[in-house]
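Worksheet for the structure shown next.
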Amino acid sequence: MPSPVQRATKLFVRTFGTSPDACFQAPGRINLMGEHTDYNEGFVLPAAVNFRVLAAVKRREDDLFRVVTDIDADNFVEWTFGKEALEDTDFHWSHYLKSFTAALAMSGLKSCGVDVAIISDIPMESGFSSSAALQIAFGTAVNNSSQLFLSPLAIAQLAQRGEHHFMARTCGMKDQMISALAEADQALLIDCLDLDYESVTIPDNLSIIIVHSGKYAKDIQTKYQLRKDECQQVAEYFGLESLRHVSESQLKQHRSQLDEHLYQRARHVITENARTQSAARALEQGNIKKISKLMEQSHQSMRDDFEMSIPEIDLLVDIIKQQVGDRGGVRLTGSGFGGSVIALVEHELTDDVVTAVETQYLAHTGIEAQVYLCSAAAAAARVDE
Ligand code: GLA
């Protein structure tokens, strides 16, 4: 079986009739704790996973970008640096890449053109942020081909700025940062206020399991924006830019002046920030009981206060919780309203969890859940194998 590098190289040669200079990869990610906290300038605790986007690249002497992917292998997309014309077409995967070069141009940086062939083994729409991995693999390839000497954090910032500015997607920084900065076997505790970060070792007796419910969020952009606006309203009530500087006791004191649902949204964010920091410490100490409790509280908070869960996700959480007790934790992960749960469980319990999910979830819902066993992978880099 050909390796991913061989597959990307083959697609490159077939499309452009020449060999690539190099291959770069960027991983997808999961989030252990800290949901809807990033755009509130709070804390998140993601890890990169062993699914990745791979980009085979060759430098060009002009300022033309030509990109092909394995999902549409017969057509490449082409644009000129600084003339991305994003507003002229309906949404397309290439917008994630065009918005990156547009962000480079907006920052006054100049990149040479490249030909790129992209392949990916990241399950699509399953909560692994394949889009951030795509941006970071491409950004890392462009950075190297053009000798721009951007740091991984700068690549992540450009990716997010491009998405924000040119695609009108107001996502936080979590997904791009983890893909650009992760270390193997580590999670990253990111402070989204100043983008400070520290690596946190994931105990090696724990398995990371992602289970996709088979239910996809409807109208996710609208629901996401609504939650964002609700959080912003509470921050503004306190005369602050974000919820980061509102304490739980401060919030409690003002409960009667706030709409109850706004109070609940803010309580989720504030308590989730505290849980995320505690989870990082608990991971470092290998304190699984504590992780189990924090993940349970996080799920309750997302379900009851942020109202971002659905019955199928709650069911998955119950099924897994019953198997693992306090020898593991489980919670919804990602933007919510559908999607996946994440479980961190002692290795010996992995088979029991998988069997329980496969049998009980199907019996209750008639839906086959997708189970992914993940390991914490390293950040974007050149690959030669
Ligand atoms: C989406 C966004 C992230 C984050 C999560 C919720 O995945 O892309 O930036 O806000 O939702 O935690």
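Atoms within each ligand, like the ligands themselves, are counted from 1 in listed order.
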For atom 8 (O) of ligand 1, grab the closest protein heavy atom and report residue, atom and distance to one decimal in Å.
Asp175 OD2, 3.2 Å
min-distance protein heavy atom vs atom 3 (C) of ligand 1 -> Asp38 OD2, 3.3 Å
Starting from atom 5 (C) of ligand 1, which protein heavy atom do you reach first, and at what distance in Å?
Lys174 NZ, 4.0 Å
Tell me which protein heavy atom sits closest to atom 7 (O) of ligand 1, plus the residue, atom name and distance to 0.1 Å.
Arg29 NH2, 3.6 Å
If you apply the rule side-chain contact (heavy atoms from CB on, under 4.5 Å), what do you find for Tyr237 with Leu262, and how did you get there?
CA-CA 11 Å; Tyr237 168 84; Leu262 289 182; over 6 Å; no
Region of Met33 that comes within reach of ligand 1 [heavy atoms, distance under 4.0 Å]
neither
Any idea which protein heavy atom is nearest atom 2 (C) of ligand 1, and the distance to it?
Tyr224 OH, 3.5 Å
Atoms of ligand 1, numbered as shown, that sit under 4.0 Å from any heavy atom of Glu35
6 (C), 12 (O)
NE2/His268 to CG/Asn273 distance, rounded to the nearest 0.5 angstrom?
8.5 Å
Per the side-chain hydrogen bond (donor to acceptor under 3.5 Å, both in side chains) rule, what does the pair list look like for residues 100-118, sequence neighbours excluded?
Arg60-Asp115, Arg66-Asp115, Trp79-Thr101, Glu84-Thr101, Ser111-Ser146
Is His36 in polar range of ligand 1, meaning some N or O pair under 3.5 Å apart?
yes
Before we go on, tell me: are the rings of Tyr96 and Phe138 under 6.0 Å apart, centre to centre?
no
Shared hydrophobic cluster for Phe65 and Ile71 (ILVMFWY, side-chain gaps under 4.5 Å)
yes
Grouping ILVMFWY residues whenever side-chain heavy atoms fall under 4.5 Å, the cluster of Leu362 otherwise contains none
